[in-house]
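Contents: one structure, followed by commentary.
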Amino acid sequence: MSIAENFHAFQNELQGTNCRLVAVTKTHPVERLREAYDAGARLFGENKVQEMAAKQPDLPPDVEWHLIGHLQTNKVKYIAPFVHTIQSIDSLKLLLEIEKQAAKNNRVIYGLLQFHIAAEETKSGLSLPEAEEILQSEAFRTLQHVQLTGVMGVATFTDDEDQLRREFRELRGYFELLKQRYFAPQPEFKEISMGMSADYKLAIEEGSTLIRVGSAIFGARPVPQD
Ligand SMILES: *Cc1c(COP(=O)(O)O)cnc(C)c1O
């Protein structure tokens, strides 16, 4: 199956749902991104700052770039001119740096709070108390150029369906709670980013609004990532 065929199959599967697809293009050359673009893909996900910044000029300007990997504060400046959503926000310090760089570029950058939902310790993300500490801080209230639009999580690498469902439900629970406590008047706070090639069907059933799909569209990546 070609990239276009794979992408169209996802489009059909998502039709009539509340869920959109982020095409995860890490490690793939821009020609393959353009193939996906020509098939209709507009949301692209990369996990590394340098790689995203290198590819961005070669794709049309209506691409929504989503950063899905860990972001160091000193690298925000490289993507601030164009990034649409940073899905991996895991500290107040990072939020403040995004605010600063977005202001410099006179734009708003959207963000998701990344939660730790997996059993593996190596996977990053916030706990609920850590997220609430950020949202209750004085500094958070001053932000004008970064807008939180939801939550993101990476589930455990397992084929245990019950465990995956538990983790997706945990993330959805965090979303509902934060929405009620901190974002109730804001319809923009609406995204639950969960589900990848191996587990996206379950994630959609559990309420995902953004699935992040790489290998099921582009094939296996040349080298193992993260
Ligand atoms: C690589 C990656 C994906 C996509 O993984 P696939 O299994 O290829 O679909 C999704 N989310 C994150 C955070 C990733 O790093």
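For ligands, and for the atoms within them, numbers begin at 1 and follow the listed sequence. This structure is a prediction, so every number in the text was calculated from the model and none was measured. The first residue of the sequence shown is numbered 1, and numbering continues consecutively from there.
- Of all the atoms in ligand 1, the ones that sit under 4.0 Å from a non-hydrogen atom of Gly214 are 4 (C), 6 (P), 8 (O), 9 (O).
- Residue contacts with ligand 1 for Gln87 are absent, since no atom lies close enough (heavy atoms, distance under 4.0 Å).
- In the vicinity of Val213, heavy-atom distances shorter than 4.0 Å reach the ligand 1 atoms 9 (O).
- Near Arg212, with a cut-off below 4.0 Å to any heavy atom, the atoms of ligand 1 are 4 (C), 9 (O), 10 (C), 11 (N), 12 (C), 13 (C).
- Within the set His70, Met196, Lys26, the minimum heavy-atom distance to atom 2 (C) of ligand 1 is found for Lys26.
- Once rounded to the nearest 0.5 Å, the distance linking CD1 of Ile98 with CD1 of Ile79 reads 7.5 Å.
- Leu113 and Leu178 get closest at one heavy-atom pair: CD1-CD1, 4.2 Å.
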Kindly determine whether Glu64 and Thr85 satisfy side chain to side chain donor-acceptor pair (under 3.5 Å), including the steps that lead there. CA-CA 8 Å; Glu64 264 189 30; Thr85 298; 5.2 Å; no
Apply ring-ring contact (aromatic ring centres under 6.0 Å, His included) to His66 and Phe44, showing your working. CA-CA 6 Å; His66 288 233; Phe44 286 80; 9.9 Å; no
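- With rounding to the nearest 0.5 angstrom, the CD atom of Glu97 is 10.0 Å from the OG atom of Ser91.
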